[in-house]
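Notes for the one structure printed next.
Keep in mind it's a predicted model, so treat the numbers as computed, not measured. In the text below, chain A, chain B and the rest are named by the order of the sequence lines, each starting its count at 1.
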Amino acid sequence: MKHRVEHLFLAPFLLFLAFFELYPLTNMAVRSFLDETSQAFTLRYYLNVFTQPHYVTAIRNSLLFASACSLVGAVAGTFVGYIAVTLPRNQRNFLLSLYSLPLTLSGLVVAFAFIVLLGRNGVLNLIVQRLFSLPRDFYFDIYSWPGLVVVYSFYQVPLMTLTMAAVFENLDRSLLEASRNLGAKPWQTWRYIIIPILAPGFLAGLSIQLAGMLGAFGTVLALVGGAKNLLSIQIYYHTSESTYNLPQAAALSITLIILIGCVLYALSRMEKKLRPGG
Amino acid sequence: MLKRLLFLFLISFIVVPLCMPVIFSFSLFWQDIFPQGFTLQWYEAILTRPRTYSALLTSLVVAFAAVSITLLISAPAAYALNRMDTPFGRWIRDTAPILTLIFPPVTVGTALVLAFSRPPLMLSGNVWMVIIAHSLIGLPFMFRNTLASFRTLNERLLSEAAASLGANLWQRLVYVIIPNVMPGILVGALVVFAISIGEFEVTSMVAGFTGQTLPLQLFQQIRNDMRIASAISSFLVYNSLLSFIAISYLSAQIRGGPDRRAA
């Protein structure tokens with residue numbers, strides 16, 4: 001009887017998620033198959049997603065952009081995470097808590113900061129121009145794809161750093177010494193000891209990066225509006241702007257969720273394979 | 001030496017971008033490399049312009065409401081789940097923290113608009129929908145923090161000890177458990193508050209005219225008036241910074257253990 005009462009504590013949580021997350025998402029999945037006016041079954045909206053050029057481009061752009069941002073974040077974050085654990089304790093704690101700040105920071109603030117820093121008249125651009133007496137039309141363009149990758153690294157690098165710092169902290173140094181004492185060459189230590197230990201954490205970090213980036217759009221929207229064609233931006237415009245078309249937005253959303261599901265699944269499969277003994 | 005430079009570079013990677021809106025917001029104008037003049041008038045503008053002022057109030061109300069909702073539903077759930085060793089319990093423990101990862105905010109926003117934009121459930125386009133959306137986004141963070149504090153506490157042992165001394169469920173909660181999980185809950189509350197104050201994406205999808213929050217005003221002002229945008233951005237930076245300082249302080253206390261906390 002005592003346990004019954006305590007299980008009741010779970011009810012508000014489950015009811016809230018059921019009513020405001022599960023029901024809307026299921027409803028969205030159903031509505032993406034229904035014609036808006038006649039309410040008859042249709043595959044039209046999904047057909048659009050895979051045949052209309054601007055949707056196909058959006059999917060391709062989203063995949064490429066998310067991969068680029070995640071790779072930059074994953075590689076740089078691993079490097080920074082490694083540096084972080086070699087720092088003295090108080091410096092490491094400061095760095096790691098500072099790197100948890102972007103997590104709560106509005107995407108619009110980041111957009112604003114980078115417009116002032118690296119925009120057409122951005123401070124850094126002006127400094128570089130003056131220093132090397134470069135022409136006025138020579139500047140780093142944050143409104144281009146590579147520029148957006150740089151802006152998003154403000155989020156991605158710290159996120160990966162936090163993951164990888166934890167992984168490096170758990171790396172048992174005596175394993176490395178043991179492998180050296182047993183006569184392993186450096187590449188063997190890397191191949192058989194270090195990479196298998198780091199891989200699960202690295203892939204988990206990479207999944208967080210990829211899944212997050214596939215759905216991100218706030219900073220892009222603030223910087224370039226709809227000028228960059230991403231799947232998330234298409235969904236946003238179909239839900240809340242002039243191109244209002246809810247069933248199409250629903251089909252695009254379901255596509256995005258499936259895409260993220262596939263990415264997460266593939267990475268978790270890879271993680272299992274890379275595990276020692278896998 | 002090289003390591004110190006590297007450390008400074010890694011710090012400035014976050015600090016320099018964050019300084020931009022702050023410096024901008026205190027300057028009369030900033031067209032060239034150096035900003036000129038000192039003023040507080042852009043902050044004053046937030047308070048005197050009716051639209052930004054009401055957006056500021058809306059943001060604060062929404063953030064407090066989202067913190068309360070997530071807290072009231074996750075703290076009891078974390079308590080129950082911490083004791084639940086069934087596959088169902090484990091599944092919820094593993095899934096709830098990654099919900100925003102599997103269902104990104106943009107799809108949740110679309111789903112909310114679709115589900116609640118026609119009778120009998122006309123919630124979309126007002127401040128209630130914004131509160132619910134922010135609660136959904138904040139929930140995984142709140143849940144993760146509350147669950148973690150129950151885990152590290154060894155709550156069952158404490159509860160059993162209290163029960164053996166004759167405390168009933170209510171007394172155990174009020175005198176034993178809640179005081180001990182408080183730092184973890186506060187960390188969760190601060191994260192949810194900071195996320196809610198800055199949330200733009202879903203808010204702009206579900207907010208109608210009555211749900212205008214500060215970030216929505218910021219989005220407009222980035223195109224219209226960079227000076228007012230700078231003051232709003234700075235306000236959001238201060239907010240994140242303050243919760244970051246409070247979280248660091250609380251985490252240090254949690255690591256320090258209950259004895260040091262009592263002292």
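No donor-acceptor pair closer than 3.5 Å links the side chain of Ser240(A) to the backbone N or O of Met205(B).
A distance of 7.5 Å separates CG of Asn239(B) from OG1 of Thr104(A), quoted to the nearest 0.5 Å.
Heavy atoms of Val157(A) lying under 4.5 Å from chain B belong exclusively to its side chain. For Pro105(B), no part lies under 4.5 angstrom from a heavy atom of chain A. Contacts of Ser196(B) with chain A are absent, with no heavy-atom separation under 4.5 Å from either backbone or side chain. Within the 4.5 angstrom heavy-atom criterion, no atom of Phe193(B) approaches chain A. Heavy-atom distances place the side chain of Tyr79(B), and not its backbone, under 4.5 Å from chain A. Contacts between Phe16(A) and chain B at a heavy-atom distance below 4.5 Å involve the side chain alone, from C-beta outward. For chain A, no part of Ile98(B) is nearby; none of its heavy atoms comes within less than 4.5 Å. In this structure, chain A has no heavy atom under 4.5 Å from any part of Ile245(B). In this structure, no portion of Ile197(B) lies under 4.5 Å from any heavy atom of chain A. Within the 4.5 angstrom heavy-atom criterion, only side-chain atoms of Ile92(B), from C-beta onward, approach chain A. Proximity to chain A is limited to the side chain of Phe24(B), based on heavy atoms less than 4.5 angstrom apart. Both the backbone and the side chain of Leu108(A) come within contact range of chain B, each with at least one heavy atom under 4.5 Å from a heavy atom of that chain. In this structure, no portion of Thr161(A) lies under 4.5 Å from any heavy atom of chain B. In this structure, chain A has no heavy atom under 4.5 Å from any part of Ser234(B). Residue contact with chain A, scored on non-hydrogen atoms closer than 4.5 Å, involves the side chain of Ala96(B) exclusively. For Ile247(B), no part lies under 4.5 angstrom from a heavy atom of chain A. Contacts of Leu126(A) with chain B are made by both backbone and side-chain atoms, with heavy-atom separations under 4.5 Å. For chain A, the nearby part of Phe141(B) is the side chain; its heavy atoms alone come within less than 4.5 Å.
A heavy-atom distance below 4.5 Å is found between the side chains of Leu10(B) and Tyr99(A). Val108(B) is not listed as a side-chain neighbour of Phe20(A), based on a closest heavy-atom distance of 4.5 Å or more. Under the 4.5 Å side-chain criterion, counting only non-hydrogen atoms from C-beta, Met84(B) is in contact with Leu10(A). Between Ile260(A) and Ile102(B), every side-chain heavy-atom pair lies at or beyond the 4.5 Å cut-off. Using a 4.5 Å heavy-atom threshold, the side chains of Leu81(B) and Phe9(A) count as separate. Within the 4.5 Å cutoff, side-chain heavy atoms of Leu139(B) are placed close to those of Phe13(A). For the pair Met20(B) and Phe112(A), the minimum side-chain heavy-atom distance is 4.5 Å or more. The closest side-chain heavy-atom distance from Ile73(B) to Leu17(A) is not below 4.5 Å.
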Q: Test Phe103(B) against Ser253(A) for side-chain contact (heavy atoms from CB on, under 4.5 Å), laying out the working first.
A: CA-CA 9 Å; Phe103(B) 304 114; Ser253(A) 292; over 6 Å; no
Q: Could you go through the side-chain contact (heavy atoms from CB on, under 4.5 Å) check for Gln91(A) and Lys3(B) one step at a time?
A: CA-CA 11 Å; Gln91(A) 284 188 8; Lys3(B) 197 155 238 181; over 6 Å; no
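Within a 6.0 Å radius of CZ in Phe79(A), other residues, nucleotides and ligands contribute 12 heavy atoms or fewer. Applying the 6.0 Å contact sphere to CZ of Arg89(A) captures no more than 12 heavy atoms from other residues, nucleotides or ligands. Residue Tyr82(A) qualifies as open at atom OH: its count of foreign heavy atoms under 6.0 Å is 12 or below.
Counting heavy-atom pairs under 4.5 Å between each of Ser204(B), Gly109(B), Ala78(B), Ser74(B) and chain A puts Ser204(B) at the top. Interface remark: of the candidates Ser135(B), Ser243(B), Ser230(B), Ser230(B) forms the most heavy-atom pairs closer than 4.5 Å to chain A. Highest contact tally toward chain B, considering only Leu221(A), Val80(A), Leu87(A), is held by Leu221(A) [criterion: heavy-atom pairs under 4.5 Å]. Heavy-atom pairs under 4.5 Å with chain B peak, among Leu14(A), Ile208(A), Leu101(A), at Leu101(A). Highest contact tally toward chain A, considering only Pro76(B), Gly198(B), Pro215(B), is held by Pro76(B) [criterion: heavy-atom pairs under 4.5 Å]. Looking only at heavy-atom pairs under 4.5 Å with chain A, the residue among Ala111(B), Ala229(B), Pro104(B), Ala80(B) that has the most is Ala111(B). Most heavy-atom pairs under 4.5 Å with chain B: of the set Ala29(A), Ala222(A), Ala11(A), this distinction falls to Ala222(A). Options Pro24(A), Ala84(A), Ser100(A), Ser106(A) differ in how many heavy-atom pairs under 4.5 Å they form with chain B, and the most are formed by Pro24(A). For chain A, the option among Ile222(B), Ile132(B), Thr70(B) with the highest count of heavy-atom pairs below 4.5 Å is Ile132(B). Chosen from Ile235(A), Val116(A), Ile254(A), Leu264(A), the residue pairing most often with chain B at heavy-atom distances under 4.5 Å is Val116(A). The candidate from Leu252(A), Thr26(A), Val123(A) with the greatest count of non-hydrogen atom pairs under 4.5 Å with chain B is Val123(A).
The two atoms that bring Ile14(B) and Pro102(A) nearest to each other are CD1-CG, 3.8 Å, heavy atoms only. The two residues Leu114(B) and Ala250(A) have their closest heavy-atom pair at CD1-CB, 3.7 Å. Nearest heavy atoms, Pro17(B) versus Ala113(A): O-CB, 3.1 Å. Scanning both residues, Leu236(B) and Leu105(A), for their nearest heavy atoms gives O-CD1, 4.4 Å.
Donor-acceptor pairing under 3.5 Å is lacking for the side chains of Tyr236(A) and Thr110(B).
Classification of the Phe19(A)-Phe116(B) ring pair by plane angle, with boundaries at 30° and 60°, yields tilted.
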